[in-house]
Every structure is written in C-alpha cells, then in structure tokens.
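One structure is given here, and the rest of the page talks about it.
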Protein chains: 2
Amino acid sequence: MSVTIHQVAAEAGVSPSTVSNVLNGRSERMLPQTRERVEEAIARLGYRPNGPARQLRTGRSQVLGLVVPSVANPFWGTFARHLEAAALQAGYRVLLCNSERDPTRERDYLEELWADGIRGVVLCSSLPSLEHVLPLVQRRLTLIAFDRTAQAGDPASLVNISVDNAVGAELATRHLLHLGHRRIAFVSGSLRSVNRRARYRGFEAALEEFGLTAEDTPVWSGAADHDYGDLDFPDLGRTAARELLATGRPPTAIVAINDMCALGIIAGARDAGLQVGTDLSVVGFDDIVLADLASPPLTTIRQPLPAMADAAFAHLRAGVEHAGSTPNGGSLLLRPELVVRSSTGPAPRT
Amino acid sequence: MSVTIHQVAAEAGVSPSTVSNVLNGRSERMLPQTRERVEEAIARLGYRPNGPARQLRTGRSQVLGLVVPSVANPFWGTFARHLEAAALQAGYRVLLCNSERDPTRERDYLEELWADGIRGVVLCSSLPSLEHVLPLVQRRLTLIAFDRTAQAGDPASLVNISVDNAVGAELATRHLLHLGHRRIAFVSGSLRSVNRRARYRGFEAALEEFGLTAEDTPVWSGAADHDYGDLDFPDLGRTAARELLATGRPPTAIVAINDMCALGIIAGARDAGLQVGTDLSVVGFDDIVLADLASPPLTTIRQPLPAMADAAFAHLRAGVEHAGSTPNGGSLLLRPELVVRSSTGPAPRT
DNA sequence: CTAGTTTGGTGCATCGTTGCAATGGTGCAA
DNA sequence: TTGCACCATTGCAACGATGCACCAAACTAG
C-alpha cells in the first residue's frame, strides 16, 4: 500500500539499515554522499516511516494523551489547543479524550491509551483520589495531573500542575471586599473536587482578613448528591442566582466557581431584573474567551494557560523520554491574575 | 513491559493462535471450554492486545482523525465531543487536530495521520478547494469534509456533510424581515469559504423575496486581505458593529456569520449605548452553548450537531471498513432550525 | 609486511499479533 | 482395514522499522 523502507533502500542502492540510520540521525557513520542519496530517494518516493511499525519496535510513541472533562467547555478547548501547540513543536501529537468527569471513563481511556503504546498523558481530573488510575502509574505511565494539587494518597512520582486556586479566589474575594461588599456568596457545584475546595478556602481566607464570618457568606453548591457536568455550569449559576436573590437578605456580590457558572449567574440576575455591575457584582474564574464578551464584560481570575500548557508538556516529555529515572512528583502552582471588567462595582448602599 | 498474547497462551495452556482466535471472535471453531479458559486467563492477567502490533499486522486502525480549525471555538469543541461519542460507541477513538484554518497544516496533519495508519478522517475545512489533500484521497484515505458542500473540482468519492447554510441564513433573514426590519446588514469575515458564501446567498435570497436590493444591505466582511481566525470572530463582530453603527444610516438588524461574531456585535452595540433586541436586532448562527447565556440571549440558527456527527461517523466507518468499494461522494445537507430568543425584536419605528 | 584499528555499511533477529496452511486425532463409510 | 472428511488446535511466516553485532576494506604503526 504505502512505500516502505525497503523500497527506499533499493532506490538509493543501500540497505534498509542505512536508511534507518539516516532517519534516526546517525549520519556521522556514513559518507555524506550516501546520506544524500538516501535523502533524495526518500523525497523522490515521498516516503514516511510507518508509525505503528516503528512503535512496535521501539516501544516509543510520538503521541501523547490528553483527557479533559469536556472539550465543549471552551476552557478545556483552549487548554487543548495550547498543549497541542507545545507538543507539535517538539514533534508530538495529542490524542484528545473527553471523560465527562467520570472516573470509569478516565480509567478506561488511560487503559486504551496505554494499550496503544502511549506512555504520557495529561489528565485533567481534579478528583481528590487518583486511585482509579494507580495501576497505570505503576506500569510507568507518565501522568501529569492538571487542574489539581498533590494529595497525601498520590503516587510519589505524580506531577500536578494547576493555577493557585486559593490565591485566585482570594484575589477575587478581596476585590469585592475592597469595593465595599460585605455580604458575598460563593456559588459552586459540589465541593468534591480538589480545586473547588481550594477556591473555597481562598474565599474564606479573604473573608477572615476582613473579620467576616460564615454567617455573611451564603454558600450555594447545588444538590449535594448530584455532580454537575461541565455543560451544566451555566444552569447551575442561573439556578443559584435565582435562589440566592429570592432570599430575605440577598448577597450584593457573588464569587462563581468558574466563568461558565458566572455567565449563568449573570443571566439569572438579568431574569430577576437586576443590573449586574451595580445592583449585583459577579466575579468568575478562568477568563475564557467569552468572558469579555459578556454583558457586562466579566471580571474574572485569569489562568495563565499558555504557561501551564508549556509546563505540562515539558514534564510529560521529560517523563516519557527519560523513562529510566522516576521523576520526583509534587505540585506546580502558577499564579493567577485578577482581570477587572465591568461585572463588578461598588457595593450598593443599603 | 506489558503482558503479551504469549503469556496469556501459556497461562491458559493453549497456543497464541487460539488466543488470537478468541480475541477476534472466531469462537465457533473451538471448544466452549477452551474459549472459557482463555477468557479467564485474559481476565486474570489483565491482558490487552497491543494496538501498534495489531495494526502493523492487519493494516487496520481503531483510531479516526478529526481536523478542526480550533477547539478553542466552542462550536468545534461541541462537534468533537459528539463525534467522539459516536466513535466510542463503535470502539473507535478520535485523534483531534487543530488546523487553524491553514491549508498547509491540514495537509501535514493528514500526512501524519496516514503515516500513523489512520485511514479515516473528518476534515472541517470549508476551503473551496481541497486539492492540497488530493494525494491522500488518491491513496484511499477515507475523507469526510465537514461544514462544506461539494465543489466541481472535488474527488468523486468525497462525502461532504454540512448544515444547509443557505436555508439557515434565509431563515434568519426572513425572521428579521417578518419583524419589520428593512435595513439589514450581513457581517462576516472574508467570504472565501464555501459555507460563508452559502450563508450570504441565503441572506440575499430572503431579501429578494421581499423585494429589497443590495442598497439596503450593508455587507461588512473585514479587511479583504486578512482572513480572520476562529478566535478573532468576536473582535470582528465588535469592530463591524462599531463601524456599521457609526454610519449615517445604520442598519436596524444584523445577520452574523456565526454566534461568536454575533456576541462580538452585541458587545459592540453595548459599547455604542444601544439596547440589543429593541434598538438593534442580531441573529447568530450555530447555537453554541453560550448563545442562550448572552445578554440578551441570542436568537440564532441551530445546527443539528449530534445528527451531523452521527452521519459523519457512519460514512467514515463505512469508508474505512469496506476499503474495497469506492463510495459514491456527494453532499449531505442537514436542515437547521431557527431558535428565537431575545436578541431580535420588532424593527424600531423611525 | 603484518597486526591492529578505524571507517562505512550490512545481516539478522526482534517487537506482538494475525491468519493461512498444516497437524494429528477421531469417527464414519466403504 | 483402509481411505476420507472433519475437527480443534497449532506452527510459522509475515507486517515495517530498528539497532546490535558483525564484516570487509582501507588505513596506520612498528
């Protein structure tokens, strides 16, 4: 079907071994003219080495895995694009998988990827426990956990990359406090995931600095038993807004677990006839593409996605290419940045 | 490293061939108890067949390719998720690639995918000419062109899947006309791509039905020489809104080339102090996740993405699995649907 | 002039799976 | 008893690339 290394060898009048040497950059052990002949033959025949054969022989693969909750969420889509760009530059490709935040799917995907010879994966899971993928790590899969920080039960070699969620939430909350807000709500899905808990901690920390207690901070985290999927965030925000604003003493500001949720909250506030930015302030998290297109444009916490993607790829590559040494695990927390737009404003006077 | 078919064979006390027969469903030619023993051994050892080896031997691959302009665009992210779901159900995986609408990258990716043994790809290109990927099709790559309709120069076997863009744009424009608008603008990036042109034709057709001429329809299509990327749509819309609204006789309604662009237009209108839905009506195209979160929620044309993804996968699979027969190409145009929300309203009285 | 070294290139076994051709054992008809 | 068909099972040669071990020729040193 396709042209093989043997045909190239025949065309160039050398052995397949020599062609292989050319392909793998071992050109110091042949005459320059030989090398040239081979390269011409390759070009003439339009030869490309067969990936599967190569991989079977070497055990190495030029494909990396990326497991995200859902690419339908623009945050993950953007991250995927950055990671792909970093990988491409180094000659790797990225196989993208949607887990829908389902541990079983996460495990199944990793198993499939492993069976396909993929030895490095970025897992965007944020589940507190990673025990469902432990067997893979033991088989020496290089695993980078993205959007998550190290937990006690983690395998020693696990590298975690994440934004500093606590700092981010603290920045967001402080911003509201400086604007004079004193009754601030926190809206999230279930607080099961690591980063959502970290954001909540940051929120609390900021309140404490200002001497506020839990009494002033309604937390809305959905039906406890139901874990909201990535596409439910807007609905969740909308519902939360409706319910919070209907209470006797509604908050004047809301910290949302992410931008999708914040957009939902804005929609909910609009439903209730409130003007976001004056009657109610809303802060998001992530700074997705659409954050500054919202009406009003969303004040939010920006994750440094390009830097995070670069870091993830660098660690992945190091793990895959130096398979011998077990890398030392830990957490890499990048600093987020507050982006002030118009969804936040001074607290309304009571 | 991993457990092989030989180890399973040893464990079950049979030959590798028998294990292979079990794996490939040729169970009618062995004793039920043999089959059972093999299956137990497989389970006990946690064996999974090695993908690359299998692929090298059979030439078949369980991976399909998907090339999209950019997953950072939620429209493509959503499509990717639907296609992945369809593929997964049939035991296929999907390798996702971002082309950034660059023909060279499209071709390079297809070459890479081919070299990796991938024989079926969905290409979301919408470029009028597909000659840059012709060599691949000649090598019998099964190619589905998504978001594009057949062109004269296409290879005979090419299957195109798309929403009916002309009908969609016509639905959108008629909706505005029925609301009383008579001065309607069309905002797009360069009209180089097939589907953008189709949408423009639909727009024109609707105007003609109402006896309107080009005079009443400012078209804004950006700097002609510069092709806007997928993430520039919002900026494009914003700029277009600013410029159109600053003219002496501004339009009362705008048909946007897609939702991202429409969101930009809404932002631009807000910048200009206009109330979208009353002062200015805006219709989008695609119905991305965030369309009904916008302020105001966006009236738009919904693409039946799940059905389109299913169709794309079905054709892909047919092409890959029956490699012998050359399928008959053509275009499949699915019907879009008008979704009325609040970004459109009666034309303001002059 | 020979023994040793370097240089440039090749032969071959191998990766894990597959599927055809072949095996030997059994049962049945002639 | 022999010939034949049939059965479950197995041996073996691929698929395409790799890289070690090897080799022949050319060169160097003593």
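The chains referred to below are lettered A, B, ... by the order of the sequence lines, with proteins before strands, and numbering in each begins at 1. FYI, side chains are in, hydrogens and waters are out, and symmetry mates aren't considered; it's all heavy atoms of this structure.
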Margin query: Determine whether a donor-acceptor pair (one donor, one acceptor, N or O, separation below 3.5 Å) exists between the side chain of A:Ser17 and the base of C:dG9.
Written below: no
[X] side chain N/O closer than 4.0 Å to the phosphate oxygens (OP1, OP2) of [N]?
X: B:Thr18; N: D:dT10; answer: yes
X: A:Thr34; N: C:dG9; answer: yes
X: B:Arg60; N: C:dG19; answer: yes
X: A:Arg26; N: D:dG19; answer: yes

Can you figure out which of [options] approaches the side chain of [X] most closely?
X: A:Ser15; options: C:dT17, D:dT10, C:dT10; result: C:dT10
X: A:Met30; options: C:dT17, C:dG9, C:dG16; result: C:dG9
X: A:Thr4; options: C:dG16, C:dT10, D:dG16; result: D:dG16
X: B:Asn21; options: C:dG9, D:dT10, D:dC15; result: D:dT10

Next item on the list: Would you kindly compare A:Pro16 and A:Glu28 by the position of their nearest DNA chain C nucleotide and give the one closer to the 5′ end?
Entry: A:Glu28
Check: Heavy atoms under 4.0 Å, any strand shown: does B:Leu31 hit a base, just sugar-phosphate, or nothing?
Finding: sugar-phosphate
Next item on the list: Return yes if a side-chain donor-acceptor contact under 3.5 Å exists between A:Asn98 and B:Arg81, otherwise no.
Entry: no
Checklist line | For A:Ala9 against A:Ser15, the heavy-atom pair lying closest together | finding: CB-C, 3.7 Å
Check: Closest nucleotide of DNA chain D for A:Pro49 versus for B:Val14: which of these residues is on the 5' side?
Finding: B:Val14
Notebook entry, point to check: CZ of B:Arg35: more than 12 outside heavy atoms within 6.0 angstrom?
Noted result: no
Notebook entry, point to check: Atom CG of B:Leu143 and atom CG of B:Asp154: how far apart are they, to the nearest 0.5 Å?
Noted result: 9.5 Å
